[in-house]
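Scroll down for the structure; my scribbles are underneath it.
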Amino acid sequence: MGQSMFDLDMNVALILLFSFFVLALSLGVIWAKDLLVVILFSSMISFNMTIIYALLLAPDVAMTEAAVGACLTTLVFLASISHIGKGLETKNSYDITGITLIAIAGFLLIYIAQDLPSFGETTNPIHQGVVNYYNHNTGKDIGIPSIVAAVLASYRGFDTLGETTVIFTAALGALALLGKRKTNAR
Amino acid sequence: MQDSILSTITKFIIPFILLFALYIQFHGEISPGGGFQAGVIFASAFLLYALTFGIHKAQTLLSNTTLKFYMSLGLLIYAGTGIVTMLRGGNFLSYNYLYFRDPIIGQKMGILTIELGIGLTVFSAVTLLFYLLLDHEK
């Protein structure tokens, strides 16, 4: 029991530590003067989020965040700044209206967050619904060990078909926009 | 600007990335991961190749037309699995009908097939996106 309590506390402490890193890197993104630095900071935010997801025992999400957030998104941005240049025009003026609006929105978010159910409780609404069915019947219905894969591919197969169609459509959109520009340039 | 360290490391590491992607793809029902993650990792190996050796060398390996074909084929495999289950008397994407004697085996067959479709579509879509972004920079 004592061992498991220690593990839990260690986990929460690590999550808080990496959340602090994410916060610090976000401030770095705001204050950076160079687009390349901004991209590297946002990539590092993704890496920290990967660790947080892994600590929260969500390896599927962590893997996706590492591959898409840290690797592919960074590459998209790097490919983009090879076109537009990495200079960044910075204004050192502060917009009072904008800062006030952001402060109000941030205060509201923190205020509303007080009403959220406490973190990790088994009595939370999110653990009451269909998840119990998946937990108890995946072995019987699907016969595979990974509940995530069973939900994604079988129970919610229609949703995943929609997601795959979204990716297909996104690539078609990129093809329609960028593919045409390429033929024009030649 | 061909860096010998970069090209050597790239040549060395690409087979491992591809192998890891295949592991994620076909081991997805036991361990974390699945078609989407596998597709992205598989694509990242090609992107590494394209960034190191130039986009045109990568395109001779895997052209835009091939990628468009694979992209459509993946989605077709996914939707086609649904059509097959319908033809065999079930609902759309109810894999139990893929193998009448044992619904569990039917489920496993269905999941393996659609994960393959997802992997193909995601891999080709991502790689095509980067080909398009990198191609017209000259």
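Below, chain A is the first sequence line, B the second, and so on; all start at residue 1.
Proximity to chain A involves both the backbone and the side chain of Glu29(B), based on heavy atoms less than 4.5 angstrom apart. Proximity to chain A (any heavy atom under 4.5 Å) is restricted, for Ile24(B), to the side chain, taken from C-beta onward. For Ile105(B), no part lies near chain A; criterion is any non-hydrogen pair under 4.5 Å.
With a 4.5 Å cut-off on side-chain heavy atoms, Val76(A) and Phe130(B) count as touching. Side-chain contact between Tyr78(B) and Thr160(A) is present, with heavy atoms from C-beta onward closer than 4.5 Å. Using a 4.5 Å heavy-atom threshold, the side chains of Leu75(B) and Leu161(A) count as touching. A heavy-atom distance below 4.5 Å is found between the side chains of Leu175(A) and Lys68(B). Looking at heavy atoms from C-beta onward, Thr164(A) lies out of side-chain contact with Ile114(B) at the 4.5 angstrom threshold. Phe36(B) has its side chain within reach of Ile167(A): a pair of non-hydrogen atoms, C-beta onward, lies under 4.5 Å apart.
Summarising the local packing, CG of Asn91(B) is surrounded by 12 or fewer heavy atoms from other residues, nucleotides or ligands at distances under 6.0 Å. Residue Ile126(A) qualifies as open at atom CD1: its count of foreign heavy atoms under 6.0 Å is 12 or below. Residue Ile5(B) qualifies as open at atom CD1: its count of foreign heavy atoms under 6.0 Å is 12 or below. Within 6.0 Å of atom CZ in Phe46(B), more than 12 heavy atoms from other residues, nucleotides or ligands are found, so the atom counts as buried in its surroundings. Around OH of Tyr97(B), the count of heavy atoms belonging to other residues, nucleotides or ligands within 6.0 Å does not exceed 12. Heavy-atom contacts from other residues, nucleotides or ligands closer than 6.0 Å to CZ of Phe100(B) number more than 12.
Criterion: ILVMFWY side-chain heavy atoms under 4.5 Å apart, direct or through other members. Under it, Phe123(B) and Leu19(B) are not part of a common hydrophobic cluster. Cluster annotation: Phe20(B) and Tyr49(B) are assigned to the same hydrophobic cluster (Ile/Leu/Val/Met/Phe/Trp/Tyr, side-chain heavy-atom contacts under 4.5 Å, transitive). Under the 4.5 Å side-chain heavy-atom criterion for ILVMFWY residues, a single connected hydrophobic cluster contains both Tyr155(A) and Phe92(B). Leu129(B) and Leu78(A) end up in different hydrophobic clusters when Ile, Leu, Val, Met, Phe, Trp and Tyr side chains are linked at under 4.5 Å. Cluster annotation: Trp31(A) is not connected to Phe41(A) through the hydrophobic network of ILVMFWY side chains, with a link wherever side-chain heavy atoms come within less than 4.5 Å.
Annotation: maximal heavy-atom pairing with chain B below 4.5 Å, among Pro145(A), Ala150(A), Ala170(A), occurs at Pro145(A). When the candidates Val122(B), Ile30(B), Leu128(B) are compared by the number of heavy-atom contacts under 4.5 Å with chain A, Ile30(B) comes out ahead. Among Ser94(B), Ser72(B), Gly34(B), Gly106(B), the residue with the largest count of heavy-atom pairs under 4.5 Å with chain A is Ser72(B). With respect to chain B, the highest number of heavy-atom pairs below 4.5 Å among Ser80(A), Ala149(A), Ser154(A), Gly143(A) belongs to Ser154(A).
Residue Ile142(A) comes nearest to Gln107(B) through the heavy atom pair CD1-OE1, 3.5 Å, listed as atom of the first residue, atom of the second, then distance. Annotation for Gly139(A) and Ile104(B): closest pair O-CD1, 4.3 Å, computed over non-hydrogen atoms.
Contacts of residues 57-73 of chain A with chain B at a heavy-atom distance below 4.5 Å involve Pro59(A), Asp60(A), Met63(A), Thr64(A), Ala67(A), Val68(A), Cys71(A), Leu72(A), listed in sequence order.
Between the CG atom of Leu51(B) and the CG atom of Leu75(A) there is a distance of 5.5 Å, given to the nearest 0.5 Å. Here the straight-line distance linking atom CG of Leu133(B) with atom CZ of Phe77(A) works out to 11.0 Å at 0.5 Å rounding.
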Legend entry - Intermediate values then yes/no, side-chain contact (heavy atoms from CB on, under 4.5 Å), Ile118(B) and Leu152(A): CA-CA 11 Å; Ile118(B) 300 170; Leu152(A) 272 177; over 6 Å; no
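At least one donor-acceptor pair under 3.5 Å links the side chain of Tyr95(B) to the backbone N or O of Ala153(A).
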